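Below is one structure; the comments refer to it alone.
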Amino acid sequence: MSKENLVLRLNRVSCKGCGICVAFCPTKVLKIVEDNKCKIIDLEKCIKCGQCELRCPDYAIYLEEGTDGK
Amino acid sequence: MSDRSQLVDKYFRVDNLPHIWCPGCSHGIVTRALTKAIDELDLDPDKIVIVSGIGCSSRAAGYLNFNTLHTTHGRAIAYATGIKLANPELHVIVITGDGDASAIGGNHLIHACRRNIDLTVMIFNNNIYGMTGGQYSPTTPHTALGTTAPYGNIDRPFDLVRLVEGAGATYIARGTAYHTLQLTGYMKKAIAHKGLSVVEAISSCPTYYGRKNRIGDAVGMMQWMKDTFVEKRAYDRLDEEKRIGKVPFGEFVNIQAPEYTAVLAEITKRVEGRL
């Protein structure tokens with residue numbers, strides 16, 4: 001699957017704010033914000049490596065085929 | 001449109017999500033790795049049975065959309081043995097924890113290994129009894145703290161890999177929640193293996209184990225896995241003193257031996273032929 005067709009999705013309802021995705025994101029795309037949940041702060045930097053999805057214990061963040069970059 | 005990945009939509013009972021596990025508990029990571037392994041093997045979900053015991057890890061069965069059985073403490077392997085004997089066509093996967101598998105269910109574990117029955121045993125090892133409040137388990141390291149070991153654990157821990165190797169398991173691997181891709185690979189091989197396979201998945205309990213032992217929170221415990229666990233081939237090349245404080249992960253045993261249900265079927269056929 002080509003990475004160009006992938007977009008990063010974040011379901012903030014499922015996020016428990018553990019911070020694992022933030023800590024291990026190689027390009028610092030993510031941040032835990034005031035409500036103690038993850039937020040995508042710099043989507044431009046995302047290299048779609050999927051490290052966040054692999055290690056999200058709550059299935060809140062993932063790559064999906066699509067183009068809208070929601 | 002769903003707000004979950006295709007993998008989660010396909011293999012999880014999404015109505016039961018979010019799950020009950022604490023923030024940063026690695027059990028969610030290990031459970032997802034298992035569904036990824038099943039997906040990559042392209043197995044018929046109707047032919048898969050997940051059997052779990054009791055404990056945090058064993059809650060996984062309730063979230064997975066296969067045939068599932070949530071059984072009694074320590075007895076998951078006994079139930080799984082019955083299922084496998086009744087229908088050897090099924091892929092029977094046991095999800096259990098360090099306490100469930102090696103304390104309460106220790107005898108079931110070693111004898112299933114000895115028989116080499118075709119089950120896959122996934123041990124989610126977080127070194128503690130999380131569900132009941134952080135009591136030390138048979139894999140809590142010597143001197144580590146638990147609510148029942150406030151001055152440090154007196155016991156010495158089981159090395160689960162060596163335990164099941166001694167007992168006769170024919171596929172054995174250790175992976176970690178941090179090294180997720182490798183873990184998925186071991187799970188795939190374990191499920192495909194004919195015989196008793198064990199994957200020790202190093203998980204983390206930030207709530208009780210990490211906090212109590214000052215290893216850290218969810219991130220700290222992932223970092224601990226990254227720093228502590230070394231791929232087996234690299235570990236083997238390390239000097240003796242550099243191995244201190246490191247634990248190898250990888251594939252430890254992968255051999256073929258007569259499988260219990262196959263031997264039983266053969267004997268049954270032979271005896272029936274005499275009647």
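So you know, we letter chains A, B, ... as the sequences are listed, proteins then strands, and number each from 1. Quick caveat, the model's predicted, so the values are computed rather than measured.
Heavy-atom pairs under 4.5 Å with chain A peak, among Pro23(B), Cys25(B), Ala177(B), at Pro23(B). Counting heavy-atom pairs under 4.5 Å between each of Ile61(A), Val22(A), Val13(A), Leu54(A) and chain B puts Leu54(A) at the top. Among the candidates Gln6(B), Arg32(B), Met222(B), the residue making the largest number of heavy-atom pairs closer than 4.5 Å to chain A is Arg32(B). The residue among Leu7(B), Thr31(B), Thr180(B) with the most heavy atom pairs within less than 4.5 Å of chain A is Thr180(B). Note: Gly24(B) leads Gly24(B), Cys22(B), Pro18(B) in heavy-atom pairs under 4.5 Å with chain A. Of the residues considered (Met221(B), His27(B), Arg4(B)), Arg4(B) shows the highest number of contacts with chain A, using heavy-atom pairs under 4.5 Å.
With a threshold of 4.5 angstrom between heavy atoms, Val219(B) approaches chain A through its backbone and through its side chain. Proximity to chain A (any heavy atom under 4.5 Å) is shown, for Ser5(B), by both the backbone and the side chain. Contact of Lys36(B) with chain A is not made at all, since no heavy-atom distance falls under 4.5 Å. Proximity to chain B involves both the backbone and the side chain of Glu53(A), based on heavy atoms less than 4.5 angstrom apart.
A cation-pi arrangement is found for Lys232(B) relative to Phe252(B), the charged atom lying closer than 6.0 Å to the ring centre and inside a 45° cone about the ring normal. In this structure, Arg174(B) forms no cation-pi arrangement with Tyr186(B), as its terminal cationic atom is not both closer than 6.0 Å to the ring centre and no more than 45° off the ring axis.
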Decide yes or no on ring-ring contact (aromatic ring centres under 6.0 Å, His included) for Phe66(B) and Tyr11(B), but give the supporting numbers first. CA-CA 7 Å; Phe66(B) 302 100; Tyr11(B) 295 111; 5.6 Å; yes

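Taking each heavy atom of Pro206(B) and Ala218(B) in turn, the nearest pair found is CB-N, 3.8 Å.
Asn126(B) and Ser203(B) form no side-chain donor-acceptor contact under 3.5 Å, judged by distance and modelled atom types alone.
Note on ring orientation: taking the six-membered ring where Trp is involved, the planes of His193(B) and Tyr171(B) are tilted (angle from 30° to 60°). Note on ring orientation: taking the six-membered ring where Trp is involved, the planes of Tyr59(A) and Phe12(B) are tilted (angle from 30° to 60°).
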